[in-house]
Amino acid sequence: MKKFIFEKSNPEWSGNDISNELDNFCDLYENRPIKNNKGGMLFQQMFSFFFLLKRLKPKLIIESGVYKGQSTWLIENTLPNSEIISLDIDLSQREYISKKAIYSSKDFRFHDFSKIPENTLVFFDDHVNHVERLIESKFFNIKNIVLEDNYLPGKGDFQTLKQLYNNYAFNHNPGILSLIKTNIFFNKIIFKKIFNKNYNVKIDIDKISKRVRDGNADVNWFENINKIIDCYYEFPPLIKYEDLKDDEFVKKPLFNSMPDKLKNYLNSSKEYNFLTYLRLN
Ligand SMILES: C[S@@+](CC[C@H](N)C(=O)[O-])C[C@H]1O[C@@H](n2cnc3c(N)ncnc32)[C@H](O)[C@@H]1O
């Protein structure tokens, strides 16, 4: 069963349209507030997201996964007239705090998004199972979705849509110490449940499911999700990164070699994480 790269209805832009925005983006990127954003968005992903925001111009952007705040800054500075809702279960990590974004530490699924603009876009950079996020977006009738870290089979740290398409169930290996800790948490939950009749385990069990993020995959699982997808587009890598060995899973890079103007910004060994745009029907 060969699959590799899913594609559905070409979006209204070409590779040239993307590369034509590079100069504009470099000017903006120079002013980014967080110079070392390890663990967060880097040039490659920020540029793809910048391009998409400029193209779609959503009136409201909901971002799930703020971390130090680089993506909040990017959204704010790319579309100064749009509104931003910024969600992260741990907002204490922020180094850049926007004056206009509405922050919340409640999970995306618990919000009331019944009165949002038609062209709202949600950006998921929170390492939560992509399938759950797509079902929730459909529930809220949000049509424009961006998935960060849409890794291929065997990569990443949670179940992605690209893996599901390739019928690959994500297998998380958090390490022995982490698993022992998880076991202690789990036993604590069961003890509390035995001795406290009013104790509701749900929140604590959810915390455990974040610690061991195994996914599941089935052809029907993907086909059911496929029914709600109108357009699926993986942004191509800017260059051929050295860590991208699985060629068949990766689109052709936009440039054959590193353009001079990108030498100061791009890490040629590792930067691509399959940022993907989806439009739901
Ligand atoms: C990769 S970082 C986000 C990077 C950020 N977008 C940037 O521009 O650098 C992932 C973030 O997701 C957050 N997170 C984890 N689970 C979450 C959830 N259920 N909802 C929202 N954020 C979550 C983590 O606390 C972490 O800050």
Side-chain angles (χ1 to χ4, degrees), residues 25 28-29 31-53 58 61-79 82 84-98 100-113 121-137 139-140 142 145-151 155-160 170 172 174 178 182 202-215 235 265-267 270-277:
F25 180 68
L28 182 67
Y29 187 75
N31 298 319
R32 69 199 180 283
I34 295 142
K35 301 295 181 212
N36 177 1
N37 199 30
K38 194 166 178 283
M41 287 183 97
L42 304 175
F43 186 94
Q44 162 81 49
Q45 305 112 50
M46 287 176 75
F47 171 58
S48 305
F49 190 34
F50 165 85
F51 174 82
L52 192 62
L53 288 172
I61 297 98
I62 303 164
E63 65 163 335
S64 184
V66 173
Y67 187 41
K68 294 182 183 174
Q70 192 90 298
S71 45
T72 318
W73 172 86
L74 176 66
I75 298 164
E76 192 174 27
N77 284 277
T78 308
L79 294 178
S82 297
I84 312 170
I85 297 177
S86 298
L87 315 174
D88 199 300
I89 49 168
D90 180 6
L91 288 168
S92 69
Q93 308 167 94
R94 285 170 303 171
E95 289 174 17
Y96 173 79
I97 299 183
S98 158
K100 72 180 273 195
I102 298 169
Y103 287 103
S104 165
S105 57
K106 228 176 6 179
D107 189 90
F108 173 75
R109 75 191 71 172
F110 297 129
H111 286 260
D112 176 2
F113 292 127
L121 179 146
V122 58
F123 168 65
F124 291 114
D125 192 8
D126 55 16
H127 296 233
V128 173
N129 187 323
H130 281 162
V131 178
E132 288 174 31
R133 287 316 197 193
L134 288 176
I135 294 172
E136 290 158 10
S137 303
F139 174 78
F140 289 125
I142 299 174
I145 324 262
V146 178
L147 300 177
E148 259 278 46
D149 303 305
N150 190 14
Y151 280 107
K155 303 273 189 228
D157 63 0
F158 63 101
Q159 178 75 54
T160 70
F170 178 70
H172 188 200
S178 172
T182 306
K202 183 69 179 131
I203 291 175
D204 289 337
I205 289 285
D206 280 355
K207 281 187 191 152
I208 286 197
S209 67
K210 279 187 199 305
R211 297 181 57 85
V212 188
R213 292 187 291 276
D214 285 0
F235 275 85
Y265 304 129
L266 269 189
N267 175 346
K270 188 176 161 48
E271 202 155 305
Y272 184 65
N273 66 3
F274 301 86
L275 187 134
T276 300
Y277 167 64

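Just so you know, ligand 1 is whichever comes first in the structure, and atom 1 is the first atom listed for that ligand. All values reported here derive from a predicted model rather than from experimental measurement.
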Item to complete: For N273, check side-chain contact (heavy atoms from CB on, under 4.5 Å) against everything at least two apart and list the hits.
Response: Q45, E148, D149, Y151, L275
Worksheet item: Taking any residue with a non-hydrogen atom under 4.0 angstrom from an atom of ligand 1, which ones do you get?
Response: N37, G39, G40, M41, S64, G65, V66, Y67, Q70, S71, L87, D88, I89, Q93, D107, D125, D126, H127, V128, R133, K210
Fill in: With F108 via ring pair (Phe, Tyr, Trp, His ring centres under 6.0 Å) - residues at least two apart
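In terms of ring pair (Phe, Tyr, Trp, His ring centres under 6.0 Å), with neighbours along the sequence ignored, F108 is linked to F113, F124, F140.
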Item to complete: Would you please test F235 and F49 for ring pair (Phe, Tyr, Trp, His ring centres under 6.0 Å) and show each step?
Response: CA-CA 9 Å; F235 275 85; F49 190 34; 9.3 Å; no
Item to complete: Would you please name every residue forming a salt bridge (Lys or Arg N to Asp or Glu O under 4.0 Å) with E136, sequence neighbours left out?
Response: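 Counting only residues at least two positions away or on another chain, E136 forms a salt bridge (Lys or Arg N to Asp or Glu O under 4.0 Å) with R109, R133.
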Worksheet item: Any Lys/Arg nitrogen of D206 or K210 sitting under 4.0 Å from an Asp/Glu carboxylate oxygen of the other?
Response: no
Practice prompt. Look at the rings of Y272 and F274 and say which category their plane angle falls in: under 30° parallel, 30 to 60° tilted, over 60° perpendicular.
Written response: tilted
